[in-house]
Amino acid sequence: MDDLFHRLLNYYSITEDEFKELNKEVNPQSFINTYHFNNVKDAVNLTKEAMNSGQKIHIYGDYDADGIMGTSILAKMFQYLNYEVSYYIPNRYIDGYGLNMPKAKEIVDNGIGLLICVDNGVSAVEPIAYCREHGVNVLVLDHHEVPETIPNANVILHPFLSKLSEYSTSGGSVAFLFSVYILKRFDKYLSTLASISIITDLMPLKGYNRDLLRIVFPRYTEGEFYQIDLLKGNEDFDETTIGMAIGPKINSVGRMVEDNSSNNVVKYFLSNDNEEVLTYFNWINELNNQRKEASKLAGEANLDINENDASNVVLTDEKEGLIGLICNFLLNKYKRIVRVGVRL
C-alpha cells in the first residue's frame, strides 16, 4: 500500500508534503489564521473612519457574476452593521467596464466620502485621481492584471499587490476576506457568495480558492439561504451547479439588460423578504431564458458556413454580451473553428 501511495504521488507529480497540504483540515478559523492581506488594517481603518464620521459610502461593482457577488458581499456586510450605503452595477452597453469619468463626477457631485471599487479599479487611474482631487477617499478591491501605473487610491487590496497568496482569486473573494476583518467573523452567507465568484470567474482551485470551497460546500445547508436555493434548484451546491446553473443565471442579467436594472440582482442577494426575493428570481430566470433563446437564434441566423473554409464568422452587430455565447453555440453544434468578425 505504501508503495502504491508513492507511485501515485509520482504519477501526479506531487510530493508527500504537497499531498498533506492538499488534504489538511480546513475550517473557518484556520482559514482566517492562514490568509490575510498585508495592508488589510489600512483598508479597515479607512472604512471605519468613514463610518464613524457618518460619510456617504458608495460601492462600484461590475456587471458579471464576480462583480455582482463582490458588490453584494460588501453591501450585505454594511447591512449587518446597520450602515446604509449606495451601490452601482454598471451596464456594459452604457457604462462599459470599470469606473469611468462620468461616474467619477457623479460620485463627487453626490458628496460621497468613501468610494469602494470591487472587481475593478486597479486600472482606473484617471477617474480615481479625479475622486481623490475632490476629497473622495478610495478603496480598491480588485484582482485583475496590475498595470504599469496604478491609481493613487488610499488603499488597494489585491491578491498580488497585497501579497495574499501566489494564486489569483476573484474580486468577490477579495471582498469576502475584507469582510472578515470588518465583521471580525467568518460569515457563512458571505462566504457562500464568494464561492460563487471563484467558480464563475474561473479562478485556479489552489490555495485560498480551494480552501474556501472546501469549507463552504460541505457546510451548505438546504433551506438556509433562499436566494441560493432558488438559483440552484434541486441540484447540490457545488462547483458543477455553480458553473452550469447559478453562474449563467446571474451573468444573463449583465448580458441582456440595457438599463440600470442590473442593480436588482444585488437587491436579490440583500433582501430578507422571501416574497421580494422570489419576484427578483422570476425576473432573473426570465432573462436567462431570453439569453439562451437569443444566443441560439442569433447563432443560427448568422451562420455562414463555407465548406472549403475551416472557420465560421459571427457578425459583431449582435449584442456584445452574447457574442461569446454565440461562438460557443456554433462551436459545440458544428464542431468548427469560430471567429468574431464583420461581414462586409
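For clarity, every value in this text was computed on a predicted model and none was experimentally measured. The basis for the numbers below is simple: all heavy atoms, side chains too, and nothing from hydrogens, waters or symmetry mates.
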*Y167 and V146: same hydrophobic cluster, using ILVMFWY side-chain contacts below 4.5 Å?*
no

*Could you state whether F78 and F178 fall into the same hydrophobic cluster, counting links through intermediate Ile, Leu, Val, Met, Phe, Trp or Tyr residues with side-chain heavy atoms under 4.5 angstrom apart?*
yes

_Within-4.5 Å side-chain heavy-atom neighbours: M51 and L81_ = yes

_Counting C-beta onward and ignoring hydrogens, is there a side-chain heavy-atom pair between Y63 and I68 closer than 4.5 Å?_
no

Nearest atoms (heavy-atom pairs only) where [X] meets [Y]:
X    : Y    : result
I73  : G172 : CD1-O, 3.2 Å
L213 : P218 : O-CD, 3.9 Å
S197 : D66  : CB-OD1, 3.3 Å

*Apply side chain to side chain donor-acceptor pair (under 3.5 Å) to the pair H143 and T169, showing each step before the final yes or no.*
CA-CA 6 Å; H143 71 119; T169 190; over 6 Å; no

*Test log, rule side chain to side chain donor-acceptor pair (under 3.5 Å), inputs D238 and Y220*: CA-CA 9 Å; D238 56 24; Y220 187 85; over 6 Å; no

If we ignore hydrogens and angles and just use 3.5 Å, is the side chain of [X] paired with the main-chain N or O of [Y] as donor and acceptor?
X    : Y    : answer
T47  : A43  : yes
Q227 : Y268 : yes
K249 : N285 : no
S261 : V257 : no
S162 : H158 : yes
H134 : V108 : no
R92  : G254 : yes
S191 : D187 : yes
N209 : P204 : yes
D119 : G61  : no

*Are the aromatic rings of H144 and Y97 close, with centres under 6.0 Å apart?*
yes

*Could you tell me whether Y226 and F281 have their ring centroids closer than 6.0 angstrom?*
no

_Distance to the ring centre below 6.0 angstrom and angle to the axis at most 45 degrees; does that hold for K76 and F269?_
no

*Find out whether the Lys NZ or Arg CZ of R255 is both under 6.0 angstrom from the six-membered ring centre of Y93 and within 45° of the ring's axis.*
no

_Test log, rule side chain to side chain donor-acceptor pair (under 3.5 Å), inputs N10 and R7_ = CA-CA 5 Å; N10 184 62; R7 285 165 56 195; over 6 Å; no

*Under the side chain to side chain donor-acceptor pair (under 3.5 Å) test, which residues partner Y280, sequence neighbours left out?*
none

Expected list for residues 125-132: side-chain donor-acceptor pairs under 3.5 angstrom, two or more places apart:
unit_1 : atom_1 : unit_2 : atom_2 : d
R132   : NE     : N154   : OD1    : 3.3
R132   : NH1    : N152   : O      : 2.4

*What residue pairs, at least two apart or across chains, pass salt bridge (charged side-chain N to carboxylate O under 4.0 Å, His left out) with a residue in residues 204-224?*
K24-D211, K188-E224, E222-K232

